[in-house]
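Model, not experiment: these values are computed from the prediction. Numbers here simply count residues along the sequence, with the first being 1. Atoms within a ligand are numbered from 1 in the order they appear, just like the ligands themselves.
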Amino acid sequence: MKTILVCGGAGFLGSNLCSYLVNKGERVICADNFSTGNMNNLKDLDSSLFSIIEHDITEPLRIDESIDEIYNLASIASPPLYLERPIYTFKTNVLGALNLLELANEKDARILQTSTSEVYGEPLEHPQRETYRGNVNPIGVRACYDEGKRAAETLFFDFNRTYSTKIKVVRIFNAYGPNMEPYDGRVVSNFIIQSLKGEDITVYGDGKQTRSFCYVDDMIEGLYRMMNSREELLGPVNLGNPNEFTILDLAQKIIEKTNSESELVFCPLPTDDPTQRKPDISLAKSELDWEPKIELDEGLDKTIEYYSNLLNI
Ligand code: NAD
Ligand code: UDP
């Protein structure tokens with residue numbers, strides 16, 4: 001049995017990862033400061049294999065026992081929420097990475113960083129391969145997240161070059177599914193909740209911008225495979241579902257699936273909102289034998305059921 005630290009384990013992806021690892025029989029320690037995470041996401045994890053530490057990763061983390069693996073998922077991930085707390089978001093990504101890399105060195109643990117498709121910024125290459133260096137506006141409002149994640153990648157690779165730290169870096173493209181906070185402002189949760197409540201659906205811009213949505217179970221499997229990949233594979237490796245949809249496509253699907261009478265309303269496009277996003281996942285396929293299995297229709301059905309139960313609608 002391994003002992004695995006999941007930082008950001010009370011959030012959407014982190015809580016799903018904690019459950020997955022505990023179900024595999026591993027000992028899991030979740031560290032989280034509950035800034036966007038929720039204890040309710042962990043309520044079914046009453047296993048003796050599972051424990052929780054309340055901790056902010058901008059501060060060094062001391063753990064007395066040995067640790068085999070660290071997954072770093074601690075960061076606000078929803079644009080409206082990180083736009084409200086830019087300096088804290090940047091500190092979490094940079095100081096958090098530094099503190100956890102130091103812990104990984106001390107424990108001789110493998111450490112996996114959840115980077116993001118946002119490191120490609122407003123991409124000029126399509127689909128995005130890992131070799132693409134991106135087009136981020138370094139002084140823009142989203143830079144606290146994008147540049148924070150880019151700086152964290154730099155730290156990961158510098159630790160590997162300097163101390164041979166056992167690093168793994170993945171770049172996640174828009175994941176969705178159960179345990180995503182209902183009101184954290186991301187598009188899938190917003191549209192489902194608006195449709196279920198019969199409220200207007202808030203399309204930002206003309207809705208022709210695209211995203212590629214990956215269901216959470218596929219994403220967690222990808223994170224696990226990357227952590228357990230051959231030691232020389234450091235990444236970055238893109239993880240996401242390469243099927244690309246416009247935001248209008250997404251709204252239409254959700255309206256149909258929920259039999260909703262909601263109507264679309266068009267709101268201003270947030271500053272620096274990327275126009276197009278689609279991962280090239282050739283590397284994940286060849287190195288991890290991984291590709292998503294759950295397509296958008298099936299994933300939306302499961303997610304709609306989750307929110308209907310959660311909100312009793
Ligand atoms: P989330 O907001 O649901 O979860 C993040 C968790 O990190 C929360 O539990 C929060 O309380 C915790 N956290 C934030 N700052 C912290 C700090 N300073 N110290 C300790 N804990 C802190 O987000 P998510 O969607 O689950 O994303 C998880 C990770 O994956 C993030 O690092 C995010 O950047 C990355 N990612 C997610 C997506 C996606 O589509 N969900 C896409 C790209 C990258
Ligand atoms: N979006 C939207 N309506 C909403 C929330 C988001 O049209 O209520 C758009 C947003 O402008 C972006 C896309 O949906 O183009 C995905 O937004 P999200 O915040 O989920 O993730 P992002 O990929 O931007 O980080």
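Scanning the protein for heavy atoms near atom 24 (O) of ligand 2, the closest one is Arg142 NH2, 3.0 Å. In terms of protein heavy atoms, atom 3 (N) of ligand 2 is closest to Thr202 O, 2.6 Å. Among all protein heavy atoms, the one lying closest to atom 15 (O) of ligand 2 is Asp273 OD1, 2.6 Å. Among protein heavy atoms, the minimum distance from atom 13 (C) of ligand 2 is reached at Ile247 CD1, 3.6 Å. Looking only at heavy atoms of the protein, atom 5 (C) of ligand 2 is closest to Tyr204 CE1, 3.3 Å.
At a threshold of 4.0 Å, the pair Glu153-Arg150 does not count as salt-bridged, since none of the basic side-chain nitrogens sits closer than that to a carboxylate oxygen. Salt-bridge annotation for Lys24 and Glu26: absent, with no side-chain N of the basic residue lying under 4.0 Å from a carboxylate O of the acidic one. A salt bridge links Arg142 to Glu118: at least one charged side-chain nitrogen sits closer than 4.0 Å to a carboxylate oxygen.
Through direct or relayed side-chain contacts under 4.5 Å between Ile, Leu, Val, Met, Phe, Trp and Tyr, Leu234 connects to Leu5, Ile29, Ile53, Ile57, Leu61, Ile63, Ile67, Ile70, Phe90, Val94, Leu98, Leu100, Leu101, Leu103, Ile111, Leu155, Phe156, Phe157, Phe159, Tyr163, Ile167, Val169. Grouped with Ile139 in a hydrophobic cluster is no other residue, since no side-chain heavy-atom contact under 4.5 Å to another Ile, Leu, Val, Met, Phe, Trp or Tyr is found.
When each atom of ligand 2 is checked for a heavy atom of Gln209 under 4.0 Å away, the hits are 9 (C), 11 (O), 15 (O). Close contacts of ligand 2 with Asn190, meaning ligand atoms under 4.0 Å from a residue heavy atom, involve 4 (C), 5 (C), 8 (O). Near Pro270, with a cut-off below 4.0 Å to any heavy atom, the atoms of ligand 2 are 11 (O). The distance from ligand 2 to the heavy atoms of Glu118 drops below 4.0 Å at these ligand atoms: 25 (O). The contact set between ligand 2 and Pro79, taken as ligand atoms under 4.0 Å from a residue heavy atom, comprises 19 (O), 24 (O), 25 (O). Set against the non-hydrogen atoms of Val203, the atoms of ligand 2 under 4.0 Å away are 7 (O). The ligand atoms of ligand 2 that sit less than 4.0 angstrom from a heavy atom of Gly185 are 5 (C).
In this structure, the side chains of Tyr88 and Ile76 come closer than 4.5 Å at one or more pairs of heavy atoms. Side-chain contact between Arg277 and Gln209: absent, with no pair of heavy atoms (C-beta onward) separated by less than 4.5 Å.
The immediate protein surroundings of ligand 1, defined as residues with any heavy atom under 4.0 Å of it, consist of Gly8, Ala10, Gly11, Phe12, Leu13, Asp32, Asn33, Phe34, Ser35, Thr36, Gly37, His55, Asp56, Ile57, Leu73, Ala74, Ser75, Ile76, Ala77, Tyr88, Thr92, Thr114, Ser115, Thr116, Tyr145, Lys149, Ile172, Asn174, Ala175, Arg186.
Ring geometry for Tyr215 against Tyr176 counts as perpendicular: the plane angle is over 60°, on a 0 to 90° scale with 30° as the lower cut.
Checking only distances, Asn174 does come within under 3.5 Å of ligand 2, N or O to N or O. Polar contact with ligand 2: present for Val187 (N/O pair, distance under 3.5 Å). Of the N or O atoms in Arg186, none lie within a sub-3.5 Å distance of an N or O in ligand 2. Considering both main-chain and side-chain atoms, Arg277 comes within under 3.5 Å of ligand 2 through a nitrogen or oxygen pair.
No heavy atom of Pro80 sits closer than 4.0 Å to any atom of ligand 2.
Put simply, the side chain of Lys107 gets close to the backbone of Glu65: a donor and an acceptor are under 3.5 Å apart. The backbone N or O of Glu122 lies less than 3.5 Å from a partner atom in the side chain of Asn135, making a donor-acceptor pair. With Asp56 contributing its side chain and Asn33 its backbone, the two residues share no donor-acceptor pair below 3.5 Å. Within the 3.5 Å criterion, the main-chain N or O of Lys168 finds no donor-acceptor partner in the side chain of Arg110.
Heavy-atom neighbours of Glu263 CD from other residues, nucleotides or ligands within 6.0 Å: at or below the threshold of 12.
Residue pairs that meet the salt bridge (charged side-chain N to carboxylate O under 4.0 Å, His left out) test with at least one member in residues 1-16, sequence neighbours left out, are Lys2-Glu69.
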